[in-house]
Amino acid sequence: MKFIHLSDLHLGKRLNEFSLLEDQEHILKQITEIIREEHPDGVLIAGDVYDKAVPSAEAVRLFDDFLWGLAEQKIPVFVISGNHDSPERIAFGSRLMDQRGVYMSPVFSGKTEPITLEDEYGLLDLYLLPFIKPAHARKVFPEASIETYTDAVKAAIDAMDLKPDRRNVLVTHQFVTGALRSESEELSVGGTDNVDASVFDAFDYVALGHIHRPQYMEGSRIRYSGTPLKYSFSEAGHEKSVTVVGLQEKGTWIVFEIPLTPLRDLREIRGTYEELTALKNYQGTNTQDYLHITLTDEEDVPEALGRLRVIYPNLMKLDYDNTRTRTSGHTEAAADMESKTPLQLFGEFYEDRNGQPMSSEQEAFVRELIEKIWEGEK
């Protein structure tokens with residue numbers, strides 16, 4: 001049984017106010033062609049189909065075109081909602097789409113029924129588990145003690161009727177402890193969204209979404225496919241790809257990647273204004289790429305952003321690295337802030353204003369308050 005594993009399309013995303021719809025359309029056409037060449041038994045899309053819970057009409061059209069292209073190939077598609085998606089919108093029309101081989105995860109209700117597939121190696125049960133929080137799980141499992149994300153996912157898996165003699169595949173959207181994040185992902189409260197990988201022990205393959213860097217978790221059996229495009233400059237050095245997984249007899253699988261080539265790359269370059277505007281430096285290079293430029297001039301260049309955009313029209317971000325910025329710590333401070341959780345930032349703010357750190361009781365109160373806001377509880 002061969003699957004193409006995708007996740008985190010984030011259709012409709014804007015980066016530094018630049019629309020990425022054209023780039024996303026290009027990469028989806030490329031993925032469609034890869035699927036045509038690989039001819040898998042199914043395509044797994046592990047959440048964050050859209051960048052917003054209420055996506056734009058253009059983003060919905062783009063996904064509709066993608067699904068139609070796969071349906072024309074008669075390739076089954078299995079889709080779950082992620083933390084950026086509206087579960088209700090993803091689930092809408094699912095019973096009608098099932099008939100065309102497009103399986104959309106229902107709103108989580110506590111019982112996850114498998115979709116059973118069969119090949120020469122026997123039966124395979126595929127489970128679609130959308131992104132869930134402890135608050136969601138507590139509503140459907142009122143008798144269970146659910147405090148953490150691990151508790152929530154474990155309760156959902158325990159409610160599945162897993163058959164150990166079959167190959168079991170899970171498509172889900174969570175942050176597994178130890179995964180390497182990127183700046184384009186949402187940070188939660190002090191790591192409270194961590195899910196321990198041990199909850200997935202019963203599955204032969206776990207197709208994960210949520211983390212934007214492709215990576216394995218505890219061996220190749222648990223994997224993040226990553227985003228098909230770079231969605232932050234922290235990903236500038238990443239190689240984007242689609243994941244192909246082949247499951248043979250139970251306990252035997254292979255996983256490999258097929259690289260993707262974007263319409264425009266996301267790059268970081270640095271140098272003096274004179275160096276970056278010298279014809280020899282940019283002639284023959286792709287000046288249409290999305291860029292973060294760091295100028296090393298000691299003096300600020302008047303109207304540098306507008307002047308550089310004459311050459312680099314998709315310049316997204318401009319800053320300086322010189323004696324002044326290094327002395328002020330501005331560059332390091334900005335990067336440091338982006339990597340911290342809301343709880344850490346509040347703790348630093350509190351200590352700055354009060355001259356002392358929060359007590360353990362205050363920290364617990366703030367953690368609980370931010371968790372409630374994060375989970376959408378009143």
Side-chain angles (χ1 to χ4, degrees), residues 3-13 24 28 31 42-67 70 76-98 100-115 126-141 149 152-153 155-157 159-160 169-176 179 184-186 188 193 195 199-200 203 206-212 223-228 231 374-377:
F3 295 107
I4 298 287
H5 171 192
L6 307 169
S7 77
D8 297 272
L9 306 180
H10 286 280
L11 300 181
K13 185 174 180 65
Q24 292 173 330
L28 287 181
I31 291 170
V43 176
L44 313 177
I45 303 180
D48 281 358
V49 172
Y50 300 112
D51 194 54
K52 295 181 179 179
V54 183
S56 66
E58 294 81 5
V60 173
R61 177 197 58 77
L62 188 55
F63 190 51
D64 183 60
D65 288 346
F66 180 57
L67 291 179
L70 299 184
V77 188
F78 306 91
V79 185
I80 66 167
S81 56
N83 58 302
H84 279 252
D85 298 312
S86 161
E88 292 79 10
R89 285 181 170 83
I90 293 295
F92 177 77
S94 58
R95 286 177 292 180
L96 290 173
M97 287 191 281
D98 282 358
R100 290 301 305 268
V102 178
Y103 300 88
M104 312 293 282
S105 64
V107 177
F108 182 66
S109 62
K111 186 66 174 176
T112 306
E113 298 293 341
I115 301 161
L126 180 65
Y127 293 84
L128 302 179
L129 180 61
F131 176 72
I132 58 171
K133 300 178 180 181
H136 300 152
R138 285 194 287 267
K139 290 177 182 177
V140 296
F141 303 117
Y149 276 73
V153 175
I157 291 173
M160 298 175 183
V169 174
L170 177 68
V171 185
T172 193
H173 189 93
Q174 300 290 344
F175 172 48
V176 176
S184 52
E185 298 143 16
E186 289 184 353
S188 70
D193 59 346
V195 174
V199 301
F200 304 125
F203 294 96
V206 180
L208 289 169
H210 192 34
I211 300 301
H212 292 183
R223 177 167 173 82
Y224 286 105
S225 64
T227 54
Y231 288 141
W374 185 264
E375 292 181 8
E377 294 183 351

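Within the 4.5 Å cutoff, no side-chain heavy atoms of Asp8 are placed close to those of Tyr224. Within the 4.5 Å cutoff, the side chain of Phe131 has no heavy atoms near those of the Phe175 side chain. Using a 4.5 Å heavy-atom threshold, the side chains of His136 and Lys133 count as touching. The closest side-chain heavy-atom distance from Pro87 to Pro130 is not below 4.5 Å.
Listed by chain and number, the residues in a side chain to side chain contact (heavy atoms under 4.5 Å, CB included) with Ser225 are His5, Ser7, Thr243 (sequence neighbours excluded). Residues meeting the side chain to side chain contact (heavy atoms under 4.5 Å, CB included) test with Leu67, sequence neighbours left out: Phe63, Val77, Val102. With sequence neighbours excluded, no residue satisfies side-chain hydrogen bond (donor to acceptor under 3.5 Å, both in side chains) with Gln174. For Glu113, the side-chain hydrogen bond (donor to acceptor under 3.5 Å, both in side chains) criterion is met by no residue, not counting sequence neighbours. Residues forming a ring-ring contact (aromatic ring centres under 6.0 Å, His included) with Phe141 (at least two apart in sequence, or on another chain): none. Legend: residues meeting side-chain hydrogen bond (donor to acceptor under 3.5 Å, both in side chains) with Ser94, ordered by chain and number and at least two apart, are absent. With sequence neighbours left out, the side-chain hydrogen bond (donor to acceptor under 3.5 Å, both in side chains) criterion links Arg61 to Asp65. Take Phe108 and apply the ring-ring contact (aromatic ring centres under 6.0 Å, His included) test, not counting sequence neighbours, and it matches no residue.
Shortest non-hydrogen contact noted between Met104 and Asp98 is N-OD1, 4.4 Å. The heavy-atom pair separating Pro106 from Ala91 by the smallest distance is CA-CB, 3.9 Å. Shown here for Ala156 and Leu129, the closest heavy-atom pair between the two residues is CB-CD1, 3.9 Å. When every heavy atom of Tyr103 is checked against every heavy atom of Pro76, the shortest pair comes out as CE1-CB, 4.4 Å.
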Discussion item. I'd like to know whether Leu28 forms a side chain to side chain contact (heavy atoms under 4.5 Å, CB included) with Leu11, so could you lay out the CA-CA distance, the side-chain angles of the two residues, the decisive distance to 0.1 Å, and finally the verdict.
Written reply: CA-CA 10 Å; Leu28 287 181; Leu11 300 181; 4.0 Å; yes
Discussion item. Show, in sequence, the C-alpha distance, side-chain angles and deciding distance for Ile80 and Ile90, and conclude whether the side chain to side chain contact (heavy atoms under 4.5 Å, CB included) test is met.
Written reply: CA-CA 7 Å; Ile80 66 167; Ile90 293 295; over 6 Å; no
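Judged by distance alone, the side chain of Thr112 and the main-chain N or O of Met160 form no donor-acceptor pair under 3.5 Å. Between the side chain of Tyr149 and the backbone N or O of Ile132, no donor-acceptor pair lies under 3.5 Å. Counting only distance, with no hydrogens or angles, the side chain of Glu58 and the backbone of Gly12 share no donor-acceptor pair below 3.5 Å.
Between atom OG of residue Ser81 and atom CZ of residue Arg89 there is a gap of 12.0 Å, rounded to the nearest 0.5 Å. Rounded to the nearest 0.5 Å, atoms CD1 (Ile31) and CZ (Phe66) are 5.5 Å apart.
Among the candidates Ile115, Thr172, Leu170, the single residue satisfying the side chain to side chain contact (heavy atoms under 4.5 Å, CB included) test with Tyr127 is Leu170.
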What donor-acceptor contacts under 3.5 angstrom involve side-chain atoms of residues 42-54, with partners at least two apart or in another chain?
residue: Asp48; atom: OD1; partner: Asn83; partner atom: N; Å: 3.1
residue: Asp48; atom: OD1; partner: His84; partner atom: N; Å: 2.8
residue: Asp48; atom: OD2; partner: His10; partner atom: NE2; Å: 3.4
residue: Asp48; atom: OD2; partner: His173; partner atom: NE2; Å: 3.4
residue: Asp51; atom: OD1; partner: His10; partner atom: ND1; Å: 2.9

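For Lys139, the NZ atom sits in a loose shell: 12 or fewer heavy atoms of surrounding residues, nucleotides or ligands are nearer than 6.0 Å.
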